[in-house]
Amino acid sequence: MFVEVIRKKRDGGVLTPQDIQQFVQGLSDNSLGVEQIAALAMAICVRSMTDEETFQLTKSMAESGRVLEWGSNLNGPVLDKHSTGGVGDKVSLMLAPIIAACGGYVPMISGRGLGHSGGTLDKLASIPGYNTVPDMTVFQDTVRDVGCAIVGQSVDLAPADGRLYAVRDVSGTVESVPLITASILSKKYAAGLSGLVMDIKVGTGAFMRELEDAQALGECIIETARRLGLTCHALVTDMNQVLGNTAGNALEVKEAVEFLANKKREPRLNEVVLSLAGELLYLAGLVSSQEVGESRADKVICTGHAAEVFDRMVCALGGPADFMEGYSNHLQTSAVSKAVYPKQSGVLREVDTKAIGLAIVELGGGRKHIEDELDLAVGFSEIAPIGQSVDTKTPLAIVHAGNEADATMAGAAFSDACGIATDTVTHTRLPTRSMSCRMLKHCSSTTRLSP
């Protein structure tokens, strides 16, 4: 009886490989009800898992479907990046074409939004015609011909995770380190990668609010990846404010397009994108150092090569053939947009980033229930960074909503999430440290974890 497995973990016991396989089988063949899945997920969230349990869960979920083997079909390494989620995190949209433009191949399996955190698939769904779940032949052909494809889980790849992922979103079990690790790596292992870079978010908008917790998650992912035979490095990056100038599905796609077109590159977003790109190119042996990797990534943006790759990917997956050129005509826009002003003039001192993510959920840009349909046009744009002076002429953001009432509600929530100082402040970002499992040293960009 599966209830005995739930009781064992509830009481702090260690699940056997057979217990875990029973769970994964029940996820795959729908023999387990949502209540049982949520119950075990909650027990794992409260009691956690050993390294061996986490590895067994990850491997079983990866092997619940097809595991891709690229073989000699590609002329470069098979690489990917994954973020643990945040608000305004549209990095994947830029990173995949950048890596492809630099000689890598990126079969990126992404997910929908979780809780307050936006999802890459929901962003891409705002592109008319874009097929986020193509058949396997289209997916593999796009990776081979274009260099990258950002898609969702099909019934072929880690199907057990697809069901668990949806239940976690609505059962309060998103933050579990073992479940996060298994969800991420099962998809990545199934995609047949040779290298992975993780973006571990930390701060008020992340699932890991403290640096120590983010490092623990990064180390769990690296250890599990090692057991799977997958080379993985992790960078811990700041989510104490919205990443970039926008938050909301279509709005973030617009910002990503303008980034790739080299029209507008918000400094914090640019730093994260280049750091992750440089790390992944170095990990794969495509460049001699992380710094050289950053320089190459910057070059393919400036030359327009990365933008061309993104345009070709969108077209290959069913989107408009002229998307990069005509994105403003293709993306949905909201019925109402209005400025959000601070309660008092001053300097933006701090932000409750999770509250901003939840405001987008209330606007209809995120899910409260598994079956919810999203309003892809809502969200916030022109978001002020920490340290900026704000007043009645310089707003905190622009809210985009379906109606005036929703705009007023979301605007008030955004304003409440912002702490305003009446004196000048300087925002201190996440400490910049480089860390491996064996030693600690300082570097110039982000917290870096590697095996």
Side-chain angles (χ1 to χ4, degrees), residues 81-92 95 113-120 172 174-177 180-181 184 197-221 233-248 252 255 266-276 279 347-361 365-366 379-380 383-388 390 396-397 413-421 425-435 442-449:
K81 161 266 175 191
H82 190 86
S83 167
T84 57
V87 182
D89 182 5
K90 69 281 296 178
V91 171
S92 292
L95 197 70
L114 275 177
H116 70 278
S117 175
T120 299
V174 171
E175 294 85 352
S176 166
V177 167
I180 292 172
T181 299
I184 292 168
V197 65
M198 285 296 308
D199 182 1
I200 311 291
K201 297 297 186 187
V202 62
T204 62
F207 294 117
M208 301 298 159
R209 296 176 70 94
E210 303 298 330
L211 182 57
E212 297 77 19
D213 295 331
Q215 290 173 329
L217 174 59
E219 289 168 356
C220 182
I221 289 172
H233 291 187
L235 277 69
V236 180
T237 65
D238 185 16
M239 188 44 69
N240 281 305
Q241 56 180 314
V242 172
L243 186 58
N245 298 126
T246 62
E252 292 184 49
E255 183 174 8
E266 191 272 329
R268 288 178 60 250
L269 180 60
N270 188 61
E271 180 183 4
V272 172
V273 170
L274 293 184
S275 295
L276 289 165
E279 189 72 26
V347 176
L348 183 58
R349 171 174 51 87
E350 61 184 5
V351 178
D352 181 350
T353 316
K354 180 177 180 179
I356 293 174
L358 291 174
I360 296 173
V361 174
F380 300 96
I383 298 171
I386 288 177
Q388 179 170 305
V390 290
L396 294 164
F414 194 105
S415 182
D416 288 343
C418 297
I420 308 298
V425 297
T426 301
H427 175 49
T428 302
R429 287 186 295 172
L430 179 71
T432 57
R433 296 182 291 176
S434 175
M435 176 179 174
H442 290 273
C443 71
S444 60
S445 56
T446 53
T447 304
R448 177 174 175 269
L449 297 126

Rounded distance (nearest 0.5 Å) linking atom CE of M208 with atom CD of E175: 7.0 Å
Nearest-0.5 Å distance that lies between atom NE2 in H82 and atom OG in S92: 7.5 Å
Under 3.5 Å donor-acceptor, E210 side chain and E212 backbone: no
Of all pairs that satisfy side-chain hydrogen bond (donor to acceptor under 3.5 Å, both in side chains), the ones with a partner from residues 351-360, not counting sequence neighbours: T204-T353
Qualifying residues under salt bridge (charged side-chain N to carboxylate O under 4.0 Å, His left out), relative to D213, sequence neighbours excluded: none
Euclidean distance, F380 CZ relative to N245 CG, rounded to 0.5 Å: 14.5 Å
Flag, side chain of R209 to backbone of A214, donor-acceptor distance under 3.5 Å: no
E279 (side chain) donor-acceptor with S275 (main chain) under 3.5 angstrom: no
Where F207 and T84 come nearest, the two heavy atoms and their spacing: CD1-O, 3.3 Å
Listed partners of I221 passing side-chain contact (heavy atoms from CB on, under 4.5 Å), at least two apart: T181, I184, L185, M198, I200, L217, C232
Under the salt bridge (charged side-chain N to carboxylate O under 4.0 Å, His left out) test, residues paired with D199 that sit two or more places apart: K201
Nearest heavy atoms of L348 and P385, plus distance in Å: CD2-O, 3.6 Å
Given N240, L396, I356, V242, the one that forms side-chain contact (heavy atoms from CB on, under 4.5 Å) with V351: I356
Flag side-chain contact, heavy atom, 4.5 Å: V91 against L276: yes
Reported CG-to-CG distance for the pair L269 and L274, which is rounded to 0.5 angstrom: 9.0 Å
Q241 side-chain N/O to I386 backbone N/O, donor-acceptor pair under 3.5 Å: yes
Set of salt bridge (charged side-chain N to carboxylate O under 4.0 Å, His left out) partners for K81, sequence neighbours left out: none
Residue pair L243 / V87, side-chain heavy-atom distance below 4.5 Å: no
Shortest non-hydrogen contact between I360 and G379, atoms and distance: CG1-CA, 4.3 Å
Residues in side chain to side chain donor-acceptor pair (under 3.5 Å) contact with T246, at least two apart in sequence or another chain: K90, E255
Test item: V347 and Q388 side chains (from C-beta on) under 4.5 Å apart, heavy atoms: no
